[in-house]
Amino acid sequence: MYTIGPMWKRSLFSVLIVFVLAWLGRSFYQYMQLPIDGDLAAIVVPSGWYARVLHDPFGWAVLTHDAMYAAPNRFFAHVLLNQYFRHVPGWLQHFLAPIQSVYVAIALLKLLTHLLLLYLLAVYATGASKLNHRGLWLVMALLLPLFQTAGYNLQMGIIDHATTYAAFYALPMALLLLLLLPFYRAAQHGVWRPLRWVELIALIGLTMVVAFNGSVVLGAVAVLLPGIVLYALRRQAQVDKMFLWSSWQPILLLSLLGLLCVYSLYIGLNNSENPTVLPSLWERYQRLPLGFFRQFTVKLGIPLLLVMLLLNAQLIRRVLPATSEGQHLLRGLRWLALFALVYILLLPLGGYRPYRPLLLRRDTVLPIILGMVCLYGASSYYVWRYLPMGRLRVGYIVLLGVFSAIFLNADRLHISPVDNNNCEQQALSYLAHAPAGVVQLPQACPVLSWNVATDPAQTTVQAQLLNLWGITRGLTGYYQQPPDPTQQLLPTPPN
């Protein structure tokens, strides 16, 4: 393994910390430029459409009365958004103007999700969790460019532009990674570390939160859970150890996770947001190849990431000395490929939406994207450590730099005028100075909505939220002129 001197280590450590913190600050600035999505008002006020889920955390009404309402298995995502945006903007208004407080609250929530995911992916990639570990910061520096806010966001965006969908997709996946961390450590060390009672109770609570937090986690668990069991059985047969089964704790946690996710999937069948008219199952499977092609070719991000993964695999297999860690990484790549195949084949069973006709999109394949990002960090870190000094090592470091530079260049600091919140902020400033009642906005951009509002009745919930935030001086509804058909509107978001 290649090593460097103490002085260079300290210097590199300092540079990595500065880079990571600076890039996180840059991401915060980008998040500050994004508009308020069209579902947030209905969740925070809440509208009658979303009110019921806030009073029925575990969907008992579905079980006992066959009730049908919006998002019966997303209680924790909804209650987080509801409570966060009912309180945090108000707290921030001790220092900030009302309009600015909202955008800062949005950026903070996204940044915290971003930071949690980045840290957990680096922990999985390095096996280290302490912040004084240089490898942890190196991997975070390698992974940061892959968190695309602009650039390749439509293809492989981890943090969605829409706040509600960052809370529905990225945050639940971060919580799932946190929940599965003890199992990953057991796989690394070959033995389950007994949990203290406080840790066990916390993980049981986290299991409940994960199971009632959205559909993407349920799909990932449906594939991961059988994989964990099969891996444990295979490991037990190979080394003649009980592995996970030597303790009742992992059995309890896995069983609880499986049962709660099955129950969550069941009550999710009564989600009133599910499409009532959809193509046949065979037609949905027929759309997968085109969806895969579109997802793979629409931008350079995923192809470049895949090339780096394959290159790292070849270096580990053919150039570097054989080690158990290297073999573990190669097995991880094979497991990821199998996970991706099974996960994609399950998508037609529940991933169809009219606005997502090809099923495969950055939101539905987020678990696969996170797996690729994590294994890129792990394999690159391994090659970095084990490549001997020489031209090949220098060339590899240059290649990592070029790869990161491509992503950094694509992820522009300033969000494009089509996607930023400049127009929305102007509209909110106009409403802040308008009297209570109904006003016509001169701005022709979506304001707390997915599209422009041509009827004041469409902005009832938005008016209530703006009044709650202290932006308006009363209930001020609004409407806008129909947009110019030559102008591009923001697309309807994923659900």
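Please read all numbers here as calculations on a predicted model, not as lab measurements.
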Atom pair NE2/CG of His414 and Asp419 - distance to nearest 0.5 Å: 15.0 Å

Chi angles and distances behind the ring-ring contact (aromatic ring centres under 6.0 Å, His included) call for Phe168, His78: CA-CA 9 Å; Phe168 287 170; His78 278 254; 5.4 Å; yes

Asn312 versus Ser379, side-chain donor and acceptor atoms under 3.5 Å: yes

Min side-chain heavy-atom separation Leu320-Glu325 under 4.5 Å: no

Residues Thr323 and Tyr382: side-chain donor-acceptor under 3.5 angstrom: yes

Nearest-0.5 Å distance, CG of residue Leu121 to CE of residue Met173: 9.0 Å

For Leu400 against Ser380, the heavy-atom pair lying closest together: CD2-OG, 3.9 Å

Tyr266 atom OH, neighbour heavy-atom count above 12 within 6.0 Å: no

Phe19 atom CZ, neighbour heavy-atom count above 12 within 6.0 Å: yes

Separation between OG of Ser101 and CZ of Phe95, rounded to the nearest 0.5 Å: 11.5 Å

Whether Phe147 and His114 hold their rings parallel, tilted or perpendicular, with breakpoints at 30° and 60°: parallel

Pair Phe28 + Tyr31: ring centers closer than 6.0 Å: no

Over-ring placement of Arg134 relative to Trp137, 6.0 Å and 45° cut-offs: no

Check: Arg391 and Val394 side chains under 4.5 Å, non-hydrogen atoms: no

Lys/Arg cation over aromatic Trp384: Arg393, 6.0 Å, 45° cone: yes

Contact check, side chains of Phe339 and Ile368, non-hydrogen atoms, under 4.5 Å: yes

Flag if over 12 foreign heavy atoms under 6.0 Å of CZ, Phe292: no

Side-chain touch Leu136/Tyr119, heavy atoms, less than 4.5 angstrom: yes

